[in-house]
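This one's a predicted model, so the numbers in the text were calculated from it and none came from an experiment. Order of listing sets the numbers, starting from 1, for every ligand and every atom in it.
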Amino acid sequence: MPGWTDPAVSPRVIEHGPRDGREVALTFDADLTTLMRRRLRLGTVESYADMRLVDELRRTRTPATFFFTGLWMEEYPQETRRIADDDLFELGTHSQSHRAFRRACFNLGLVPEEEMLGEVIDPIVTLHRLTGRATRYFRFPGGCHDAAALAAIRPAGVTVVGFDVFSGDAFCDSADVIVDQTLTQVTGGSIIVMHLGGPNAPRTADALPRVIAGLREKGLRPTTLTRFLAAAGDADRERGPGSGLAS
Ligand SMILES: [Zn+2]
């Protein structure tokens, strides 16, 4: 199963892929909190699912990985299935309700430690029920975690996926800024984080075609996490431990 880690050991934490290759991973977080859901109910926000992003990835045959919150999948089951139906895309989860797993993580509310494991497992179950696809790739909300959080979620058997390139698309109203910030930071092995639209990522869809073109100009190839990690595993076996992935 993609991302599986033996629960007997602490979850693997991946911040980037092999630096000696030319592959990069484009990743999209599908955030939804209870507050955001309330805005949808009140009609103050129309949508947190900008499917133009998915259309652009498909049009350009660009592999990408999506990290879904449980609340997002419950709100957008058809969109979830549409993404999961395409082999171009790898899947991961991003907690049930996008609360933080440690203090001082942006302005996110805090998950009590006894709820952490459920916050990780619930969306894994939802994704499997909706799409038939199983995954153990997981990203912490805000990318924030500590040793206590890693210990609490260990029975879930996940691989924790961070990122080394923050596209800056969250609440950013300039596509130019997103394109520049992404392309100046990116290098071989980068994991780039973006967001799946709505008012939390208003210009991501405008920036994405230029990001994809810019990666290509730099000779970088988007790929999926599993291919990334398989390549790194091969490299590790050849060179011995200590090379390849950061922890
Ligand atoms: Zn998020």
Side-chain angles (χ1 to χ4, degrees), residues 3 11 13-16 25-40 45 47-51 53-54 57 64-76 79-80 83-84 89-111 115-124 126-127 135-146 149-150 152-153 156 158-173 178 181-182 185 190-205 207-208 211 225:
V13 180
I14 309 292
E15 307 285 358
H16 61 80
L26 267 175
T27 69
F28 294 85
D29 292 354
D31 296 357
L32 201 67
T33 64
T34 53
L35 177 64
M36 289 160 70
R37 190 174 57 182
R38 199 171 308 141
R39 292 189 187 121
L40 289 172
V45 168
S47 173
Y48 286 105
D50 191 343
M51 296 302 277
L53 290 161
V54 179
L57 293 168
T65 304
F66 289 84
F67 290 90
F68 297 106
T69 57
L71 290 180
W72 196 94
M73 289 186 279
E74 289 166 16
E75 196 69 30
Y76 298 107
E79 287 81 355
T80 303
I83 293 167
F89 303 134
E90 182 127 56
L91 310 179
T93 57
H94 192 40
S95 85
Q96 175 62 21
S97 62
H98 207 265
R99 288 177 292 164
F101 283 65
R102 67 158 166 74
R103 284 180 198 288
C105 177
F106 303 98
N107 287 323
L108 302 177
L110 189 67
V111 184
E115 292 178 28
M116 285 181 178
L117 182 58
E119 273 282 312
V120 173
I121 288 176
D122 288 352
I124 292 174
T126 302
L127 182 63
T135 180
R136 290 294 184 280
Y137 288 119
F138 168 73
R139 176 173 281 156
F140 283 106
C144 307
H145 65 272
D146 57 17
L150 287 177
I153 70 164
V158 296
T159 294
V160 173
V161 182
F163 48 86
D164 65 322
V165 174
F166 185 60
S167 69
D169 69 337
F171 306 100
C172 179
D173 60 5
I178 300 167
Q181 187 159 327
T182 304
Q185 293 179 80
S190 285
I191 299 176
I192 302 163
V193 62
M194 303 182 112
H195 294 84
L196 196 51
N200 289 19
R203 302 305 300 274
T204 309
L208 184 61
V211 168
L225 285 173

Margin query: Has Arg203 got a side-chain atom pairing as donor or acceptor with Asp173's backbone, closer than 3.5 angstrom?
Written below: yes
Check: For His195, does its backbone N or O pair with a side-chain atom of Asp29 as donor and acceptor, under 3.5 Å?
Finding: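 Side chain of Asp29 to backbone of His195, a donor-acceptor pair under 3.5 Å: no, none is there.
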Notebook entry, point to check: Within the stated cut-off of 2.8 Å, is an N/O/S atom of Asp31 closer than that to the Zn ion (ligand 1)?
Noted result: yes
Margin query: With a cut-off of 2.8 Å, does His195 put an N/O/S atom close enough to the Zn ion (ligand 1)?
Written below: no
Margin query: Can you tell me how the ring of Trp72 sits relative to the ring of Tyr76, calling it parallel under 30°, perpendicular over 60° and tilted otherwise?
Written below: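 Tilted: the ring planes of Trp72 and Tyr76 meet at 30° to 60°.
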Checklist line | Closest heavy-atom pair and its distance - Phe163, Ile191 | finding: CB-O, 3.3 Å
Notebook entry, point to check: If you check every N/O/S atom of His98, which is the one nearest the Zn ion (ligand 1)?
Noted result: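 Restricting His98 to its N, O and S atoms, the minimum distance to the Zn ion (ligand 1) goes to NE2.
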